[in-house]
Structures are given as C-alpha cells and as structure tokens.
Amino acid sequence: MLDDPRTVRVTGDDTAAVYRRADDVDAERRPGGQRSAPVPEAYVWCNLTSGNSSRALWLVLLPFMVVNLAHWMRPCAHGRRRTVRLYGLLVRLCGLTLTVLLVAAACEVALDLIAWQCAGTRACAARHSWLGFLSPADGGWWSAPGRRLVLAALVPGALTALLWYLSHRTWSAYESQQPLSPGSDPEEDTAGGALARPGFWYGRRLVARLRAAHTAAGLLTVAAALTVPAAHADRRPGGSQALDTFGWLLQAALAVTAGVVVGVVCRRGRSENRLDQRLDRHLVRRLPLGALLLLALAALYAGWSRTGWHSTGRLQGDAAFGAITLVQGFLVVVLGVTAHLLHRAHRHPSRAAAGSDAAPSPAALRGLGGPVVAMLACALGGVMSGGVAQRVSDWLDGTGTALPGPPVLLTWQASVIPPLLVVVLVLCGRLAGRALRRSRAERAAVARDYPDEPLDAQRTRQIARARAMATLTDDAPLVAGVVSAVTLLLGAAAVVGALGTGRTPARAAAGLPAPVLGAAETSQALGSWLIGLGFIVFVTWGRRAYKDASARRTIGILWDVGTFWPRAAHPFAPPCYAERAVPDLTWRMATWTRATGGRLVLSGHSQGSVLAAAAAWQLPPSVRRRVALLTYGSPLTRLYGRWFPAHFGQEALAGLHRDIVCWRNLYRLTDPIGGPVRLPGDCGPAVDRAPLRDPLVYGRTARHPLPEPILGHSDYQADPAFAEERRRLLARLHPEVPAPRHRTGQPTDPDGTGPTGTERQEHAGPQGSGGRSSG
C-alpha cells in the first residue's frame with residue numbers, strides 16, 4: 001500500500017495498526033516546502049480476520065455467522081418500530097435454535113450413538129475396545145445405562161464450554177473497544193444514518209446477555225438429554241416412585257429455565273442511540289450457573305442405580321430434531337412475512353422519509369434477503385449436524401446392521417440433498433448460458449471502447465468474457481432465493497416423511513413400485529455419501545487453515561463480509577472486527593485533524609471501502625468537513641446496498657455524500673465485486689467516475705510490448721485515474737478547510753492551509769497477498 005519496503009508503525013498493536021513510510025514519520029514537524037505530495041498512511045487490519053491459527057476453529061461457527069447476517073438484512077423502514085423489533089426478535093430466536101441444534105447433534109453422537117447404542121451392544125463394544133469398560137458384558141460400575149450417558153455428556157458439555165470461552169475471549173478483545181463519542185465536542189451532533197449512531201459499534205452489553213442465554217440453552221439441552229431417558233425408565237412398571245417424582249420436578253425446572261432463556265433472548269436487542277456501557281452482571285453470571293446446577297442434578301438423577309434398565313433402540317432423538325426443524329421452519333416463514341411487510345411499507349409513497357433525495361434502494365429479493373439467508377443458515381446447521389452423526393454411525397457400525405443408527409429425520413434430511421443438487425446444477429447451467437449470451441453481446445462494446453486499436457478476435461473474446469463473468473455477482477440473489485425456497489420445501493417433506501413413517505426413506509418405500517423404491521434407495525445412499533464427503537471436506541479445509549497461513553487468508557476473505565457486522569443475533573458467531581477497526585479509524589482521523597488542523601483523503605478498496613464509509617459516518621461533523629472519500633472496487637451499492645438496504649441503501653449513502661466534503665468512486669466492468677455507487681444527481685457532485693479501462697491497453701504497443709493483464713478487482717492504484725482523482729479531491733477539499741490551528745513555534749505550509757504535513761491520505765483495505773492490506 002505504501003510502495004516502500006521501509007515502514008514504521010505509528011500507532012496500534014500487532015492485531016491492527018497504522019503504518020507510515022520511514023521517511024514520513026516526522027512529516028508534521030518538517031517544513032512544508034520539503035514535501036510535494038500527500039503523506040500516505042496505511043491501516044492494516046488483516047489480523048482481525050486471518051491472524052493466528054485459532055481462526056480455523058471459526059469454521060465450526062459458520063451457521064451462527066450466517067444467521068447473524070440475516071439480522072442486518074432487513075428492509076428499510078420508517079415509522080415501523082414494532083415490526084423492526086419483531087424482525088430482530090425472530091432472527092435471534094433462529095439463532096437460539098441453531099445453538100440448541102449444534103449441542104443436540106453433539107448429544108446425539110456422544111450419548112445416543114456411542115454411549116447408548118454402541119456401548120450397549122456387545123458386538124459393537126467388542127469391535128471398539130476403548131468402549132469395553134462401558135459394556136454391560138463387562139459388568140463394571142460405568143456399564144449402567146444412566147452412568148454411560150453421564151460420562152458421554154462430558155462431550156456436549158465441553159462443546160458448550162468451548163463456545164462460551166471463545167465468545168468471552170473475543171468479547172473482551174473486540175466488543176470492549178471504546179468508540180469515539182460524537183458528543184465530546186459541543187459543536188458536533190449525531191445526525192446521520194444508523195451507522196452514525198454512537199452505540200452502533202459497541203454491542204458489549206447485548207453480546208454478554210446473549211452469551212449467557214445461549215450458554216444456558218446449551219447446558220439445558222445436555223441436561224434434557226440426560227433427564228428424558230431416565231424419566232422414561234422411571235415411568236415403566238416397577239419403577240421407583242421417588243425417582244419418578246424427582247424426574248418430573250427436574251423436567252419442570254428445566255422447562256421454567258428454558259422459558260427464562262427465551263425471555264432473555266426476546267428482550268429488546270441493541271441500544272444504538274447511546275453508548276450502553278452497563279452490564280447485566282446478575283443475569284450474565286446467574287443464568288449459566290443456574291443451568292449448570294440443573295445439569296449437575298440431571299447427571300445425579302440419570303446416574304442413579306435402576307434395576308432392569310437396559311439400552312435398546314434409539315434415545316428420544318427423533319422428536320427433538322423434529323421439533324427443532326419445525327420451529328426453524330415456522331420462524332423463517334414468519335420472518336419472511338415480516339420482511340415483506342417492511343419492504344412494502346418502505347416502497348409506499350406515504351411511508352417515504354420526508355424530504356428524502358434518494359429513491360428506495362433495490363433490495364435483494366424484494367426485501368426477502370434476510371429470511372432467505374436465515375433459511376440457509378438453518379440448512380447449513382442441519383447438514384453439519386447430520387453429517388457428523390452419519391459419519392460417526394458409519395464408523396461405529398461398519399456393516400450398518402448392528403446399530404439402529406442416527407434419528408430417522410437426519411437420514412431423511414440427507415436424502416433430500418441429491419434433489420437439491422439437481423436444482424443447483426440447473427441453476428448453474430442457466431447462469432452459464434446467460435454468461436455466454438452476455439459475453440457475445442459485450443464484444444461489440446469492447447470494440448467501441450478501443451476504437452483506435454487493431455482488433456484481435458481472441459483478445460476481444462477474453463475481455464468480453466471477463467465482463468460477462470463479472471456480472472454473475474448480480475445473479476446471486478436469484479440463486480440464493482431458489483436454493484432457499486427449494487430447501488424449505490424439501491425440508492418440510494423430510495419432516496413429514498420422517499414423522500409420518502418413522503422409517504428411513506428406503507424402508508418407507510418398500511412395497512411401492514420399483515422406480516420409486518430405486519429412487520428412494522439411491523437418494524438415501526447418495527445423500528449419505530454426499531453429506532459424509534461434505535463433512536470430510538469441511539474438516540480438511542479447517543485442518544489446512546490451521547497449518548497454512550495462506551489458507552487462513554483465503555478463509556479471512558469470507559470473514560471480511562460475514563464478520564463485518566456486530567453480533568446482534570448470535571453471540572457464538574465469529575467476532576465483529578469492525579467494532580475494533582471503525583473506532584481505530586475514527587480515533588486516528590479525529591485526533592490527527594484536531595492536532596494538525598489538516599485535511600485528508602480516506603481511500604478504501606473493496607471491503608476497505610465499507611470500513612471507510614462506516615468510519616466516515618462515525619466522525620463528528622467538524623472532522624467530516626476535513627475529509628474526502630475515495631473508494632475503488634467498492635461493493636457499497638452492488639452488494640451491501642442490495643443485501644443490507646436499511647444500512648447501505650441509497651438513502652443512507654446519499655446522506656453520507658451530503659455529510660462529507662466530496663466523494664469519488666472508481667470501478668471496472670470486469671470487477672465482479674466492485675461497482676458504481678449510482679447516487680441520484682440531485683445529491684451533489686457526481687460520485688462515480690466513468691468505468692476504468694481494463695485492460696489499460698488493448699494490444700501490444702511500443703510502451704507496452706507485453707500483453708496487459710485484465711485486473712478485474714485488483715491493483716486499482718496502478719491506474720493513472722487513481723492519482724488523478726486523489727489530486728482532484730485534495731483540490732476540492734482545500735476551500736472547505738476551516739482556519740488552521742497554529743501552535744507556538746510551529747511552521748506552516750507555504751499555501752497557508754495549516755501546519756506542516758497536513759495533507760494526508762489514509763488507506764483502509766482488505767488483506768491481500770502477504771497478509772497486508774491491499775489499499
């Protein structure tokens with residue numbers, strides 16, 4: 001970014017810091033005549049998303065990250081506070097079901113498949129010698145069914161503790177960063193969009209509250225997995241009346257505590273209008289401790305000696321997974337209705353904001369982006385849960401005949417994967433055909449863009465193909481919407497089949513015509529193989545990311561978008577790096593401008609442009625009057641404006657354009673991520689520059705004897721337009737600068753604009769090769 005091998009960290013730490021060239025460290029103290037160009041600074045934040053090897057563990061948290069995205073995808077709304085709160089509540093409840101699903105899957109593997117089925121079956125226990133001390137044939141103390149379950153409960157309990165630990169550690173490092181308070185200057189106000197609110201990037205209290213609730217939910221799930229089988233045994237003839245009574249009381253206590261957990265999740269979410277620095281310490285501490293106490297009582301209850309209790313069949317897993325799936329489907333449907341109401345209200349003229357300069361932004365899927373993503377998060381959680389259970393079952397029971405296996409519903413869910421893949425392949429074929437047609441149509445446009453060049457058919461096709469492939473990003477809503485709808489329908493069919501027949505698809509199809517039976521058997525076998533393959537690929541990817549820094553950077557690019565947003569729906573999602581990065585940028589810009597009276601250009605590439613916009617929103621008005629914005633390869637409108645319309649829609653971006661002095665945006669037609677901002681013309685000077693040429697030179701020339709590459713999303717600063725737009729921004733920014741602040745003995749620039757070194761350019765970009773920001 002700085003184009004110099006000698007760099008110095010001027011502020012920050014090993015996680016995120018601001019760097020300068022070594023020659024520019026003391027630029028503010030040198031006479032202005034010795035400097036002929038702006039002083040560049042680079043803010044490097046790549047370690048927030050792809051730092052040490054522990055980031056590989058974040059792959060396990062992928063469903064939580066996806067459902068957290070759904071919270072921020074709600075449509076714009078004016079005067080619909082209750083509907084907005086209902087939307088957030090539904091997403092938080094979806095996140096709670098994902099926590100319960102993950103812990104239930106761990107219970108299924110450890111308690112049901114290993115401790116109940118395999119250890120209780122003589123042939124399976126003999127095949128796995130490490131389970132010998134649990135086998136009834138051994139006759140040991142741990143061979144009792146309840147005690148086997150208690151010992152196995154250590155696995156889901158440890159998983160819940162690990163999730164709590166990861167969330168608490170990142171909470172201390174990320175959410176505890178104090179943002180710049182806009183109210184510190186009496187001349188400043190907090191006018192602006194949602195991202196300009198003082199508490200937007202400070203979700204410390206909410207994450208702590210949700211972490212307590214989700215931790216308690218995980219512990220209660222383990223406690224229920226221990227209590228229900230033991231209570232079922234006590235209700236049989238000849239069971240202990242005292243144990244049966246205690247079992248009923250324990251189940252009632254679990255139900256009441258679960259209600260408290262749901263109530264905590266349903267409480268009003270974020271407090272963005274102010275810095276909410278309070279913590280609900282009693283709730284944060286006592287709710288998990290109460291759930292832990294109930295888990296200890298459940299372990300004592302399940303481990304009590306019972307005569308005549310033997311492990312046969314499966315544990316009550318079918319009902320649990322069926323209930324989770326039904327609740328998730330219901331929440332997604334209601335969330336879709338809520339999002340539709342918000343979107344329709346925003347599009348209605350009477351609901352538009354008074355005096356708004358911008359038309360309603362074209363939200364993805366007509367405002368249904370959030371429900372679609374929430375459905376995909378639930379499906380992803382189901383696939384991960386079913387994949388683990390299926391692989392462990394196959395490993396324990398090689399022949400597939402000794403054990404009953406995982407719950408029937410998980411087998412049905414695996415069986416619907418092949419039809420879903422057929423739909424995905426059809427979609428891919430359609431997109432490929434559309435890209436081919438666009439490529440042919442672009443050839444004429446390429447010829448018009450290079451009128452003075454001798455045309456080469458192969459080179460023209462190459463450029464046209466790059467442009468056509470870049471447009472596939474705009475088809476992402478279609479793919480996500482179709483896949484989500486098909487997933488919802490197939491998931492409903494799986495629930496009906498599992499609960500209606502109580503048998504696997506192949507056994508349920510027995511006696512039906514041969515084609516139906518063959519399709520059921522093929523789908524079940526292929527689905528089991530595919531879900532196992534997906535699980536192996538997932539584990540392999542995580543292992544490679546743990547050892548390979550370049551693989552961690554690749555995963556870090558995925559986290560750039562997924563972890564930009566605060567953890568408003570799920571506390572176990574990967575932490576929000578923007579709650580560290582945005583305060584870093586705002587503090588640096590505000591303190592520098594106040595100390596020097598200077599002006600700066602804030603430039604950002606790709607995800608860095610989103611960070612730059614978020615930081616500009618958080619700046620006090622007196623600082624924004626000294627700031628110009630230069631974005632390039634920016635997804636602000638193309639991705640964020642469509643998927644997050646309430647926060648990056650045209651109304652919000654038009655407000656940002658009015659608040660800062662000037663803004664220019666660069667993009668290429670070959671860029672699959674960046675695009676134009678497309679603000680209305682009455683918002684002020686044009687933001688978008690005409691699309692940059694890519695490649696810069698069509699063919700070989702005396703100045704460019706070798707073919708120029710098609711850059712697409714990368715290397716914008718190599719284009720002469722970058723330096724040209726930066727010079728224009730500084731020139732336009734100059735008249736807006738207030739009177740300089742002089743200090744005794746401090747030299748000033750010859751032009752009288754302020755102290756020395758007051759022209760500065762700051763970069764905020766995503767990580768690139770070598771683990772540094774790419775500008």
Side-chain angles (χ1 to χ4, degrees), residues 62-77 83-84 86-98 101 325-347 360-384 413 416-417 419-421 423-424 426-428 430-431 472-495 558 561-562 564-565 568-570 573 635 637-649:
L62 189 59
F64 305 154
M65 181 186 75
V66 176
V67 78
N68 191 67
L69 285 177
H71 173 88
W72 301 104
M73 290 181 173
R74 68 167 177 82
C76 298
T83 311
V84 170
L86 176 61
Y87 182 95
L89 167 62
L90 292 171
V91 179
R92 291 198 299 274
L93 290 176
C94 281
L96 183 63
T97 62
L98 286 175
L101 177 62
T325 304
L326 288 174
V327 170
Q328 288 179 340
F330 172 77
L331 291 174
V332 169
V333 171
V334 178
L335 184 65
V337 174
T338 305
H340 174 69
L341 294 176
L342 289 174
H343 180 70
R344 188 177 64 178
H346 179 65
R347 290 178 60 87
S361 56
L365 299 170
R366 298 185 178 182
L368 296 180
V372 164
V373 170
M375 182 69 247
L376 294 179
C378 295
L380 185 59
V383 168
M384 292 175 61
Q413 290 176 338
V416 301
I417 292 180
L420 179 62
L421 287 182
V423 174
V424 173
V426 172
L427 278 175
C428 291
R430 179 180 178 181
L431 293 180
L472 292 180
T473 304
D474 301 324
D475 295 322
L478 170 66
V479 176
V482 172
V483 171
S484 178
V486 174
T487 300
L488 180 62
L489 294 177
L490 292 177
V495 172
L558 174 63
V561 177
F564 170 77
W565 297 99
H570 207 296
T637 293
R638 191 174 193 180
L639 297 180
Y640 280 79
R642 299 181 70 188
W643 290 99
F644 308 98
H647 300 89
F648 284 98

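It should be emphasised that the depicted structure is a prediction, and the values quoted were computed from it without experimental measurement.
- Heavy atoms only, all atoms of each residue included: Ala339 and Leu368 are closest at CB-CD2, 4.1 Å.
- The two residues Val416 and Ala494 make their nearest non-hydrogen contact at CG1-CB, 4.2 Å.
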side-chain contact (heavy atoms from CB on, under 4.5 Å) between Asp474 and Arg642, worked out: CA-CA 10 Å; Asp474 301 324; Arg642 299 181 70 188; 3.8 Å; yes
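- For Trp72, the ring pair (Phe, Tyr, Trp, His ring centres under 6.0 Å) test picks out Phe200, Trp565, His647, with sequence neighbours left out.
- Distance check: Leu365 CG to Trp643 CH2 gives 5.0 Å after rounding to the nearest 0.5 Å.
- For His570 against Asn68, the heavy-atom pair with the smallest separation is N-OD1, 3.6 Å.
- For the pair Val334/Thr338, a side-chain contact is recorded, criterion being any heavy-atom separation below 4.5 Å from C-beta on.
- Rounded to the nearest 0.5 angstrom, Leu98 CG and Met384 CE are separated by 10.0 Å.
- Between Gly382 and Leu101 the shortest heavy-atom distance is N-CD2, 3.8 Å.
- Taken from CE in Met375 to OG in Ser484, the straight-line distance is 6.0 Å, to the nearest 0.5 Å.
- Residues Ala569 and His71 share a closest heavy-atom pair of CB-CB, 4.0 Å.
- Applying the ring pair (Phe, Tyr, Trp, His ring centres under 6.0 Å) criterion to Tyr640, with sequence neighbours excluded, gives Phe564, Phe644, Phe648.
- Within the model, atoms CG of Leu342 and CZ of Arg344 stand 10.5 Å from one another, a figure rounded to the nearest 0.5 Å.
- For the residue pair Leu490 and Pro419, the shortest heavy atom distance occurs at CD1-CB, 4.2 Å.
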